[in-house]
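Comments concern the structure below.
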Amino acid sequence: MTAPRDHDHQGETEGLGIQRLHADLAACRRTLGPDHPDSLRLSDALAHALEHAERLTEAVVGFEVTLGARRRVLGDDHPDTLRSADDLIRCYTSVGRDAEAEALSRSTLGTHGRRSLGDKDARTDDRT
């Protein structure tokens, strides 16, 4: 009987944590702006919390927002942007959006790979 109660408590704790992250993110965006590094970190943390809580549809939206902002603010090659792309690819795969995961994976490798591997490397060919 203890295990279900612990599981229920864990769900409540996760829910409260997610509510707190939503509130903190809204306050941060309001005071510092949506592109501030703290706003981007909170957006990422919220998406991860949603994914951990298996609220995957919401997590996808959070990862999409975070990736878009990081691309705009930090550029495609920034490590945080690349991590955000990887997070979104993983989440797309989790919800069965394999074509979108594949397209994002190819575009991420295409962008980052060309700089790392060179234009002539087959792994950077967007046509395959």
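The shown structure was predicted, so the numbers you read here are calculated from the model rather than taken from an experiment. Throughout, numbering of the chain's residues begins at 1 and tracks the sequence.
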Compare all side-chain heavy atoms of E102 with those of R106 and state whether any distance is below 4.5 angstrom.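 A side-chain contact exists here, since the closest heavy-atom pair is under 4.5 Å.
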
Taking ILVMFWY side chains as joined if any heavy atoms are under 4.5 angstrom apart, and letting links pass through other members, which residues group with [X]?
X   : result
L67 : L56, V60, F63, L88, I89, Y92, V95, L104
V61 : V65
L40 : V73, L74

Going by the ring-ring contact (aromatic ring centres under 6.0 Å, His included) test, which pairs reach into residues 65-90, not counting sequence neighbours?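 Sorted pair list comes back empty.
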
Partners of R83 by side-chain contact (heavy atoms from CB on, under 4.5 Å), sequence neighbours excluded?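 Partners of R83 by the side-chain contact (heavy atoms from CB on, under 4.5 Å) criterion, ordered by chain and then number, come out as P79, D80.
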
Tell me every residue that passes side-chain contact (heavy atoms from CB on, under 4.5 Å) with E58, counting only those two or more places apart in sequence or in another chain.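 E58: side-chain contact (heavy atoms from CB on, under 4.5 Å) contacts with L50, R55.
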
Checking [X] now: which residues fulfil side chain to side chain donor-acceptor pair (under 3.5 Å) with it, not counting sequence neighbours?
X   : answer
D35 : R72
S39 : none
T66 : S43

Starting at [atom1] of [X], measure out to [atom2] of [Y] and round the result to the nearest 0.5 Å.
X    : Y   : atom1 : atom2 : answer
E100 : T93 : CD    : OG1   : 10.0 Å
T81  : D86 : OG1   : CG    : 12.5 Å
D77  : R71 : CG    : CZ    : 11.0 Å

Where L21 and A49 come nearest, the two heavy atoms and their spacing: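 Smallest heavy-atom distance, with atoms named: CD1-CB, 3.7 Å.
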
Listing, residues 22-29 side-chain donor-acceptor contacts under 3.5 Å, not counting sequence neighbours, or none:
unit_1	atom_1	unit_2	atom_2	d
D24	OD1	R20	NE	3.0
D24	OD2	R20	NE	3.2

List in chain and number order the residues that pass salt bridge (charged side-chain N to carboxylate O under 4.0 Å, His left out) with D38, two or more places apart in sequence or in another chain; answer none if no residue qualifies.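 Per chain and number, D38 pairs via salt bridge (charged side-chain N to carboxylate O under 4.0 Å, His left out) with R41.
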
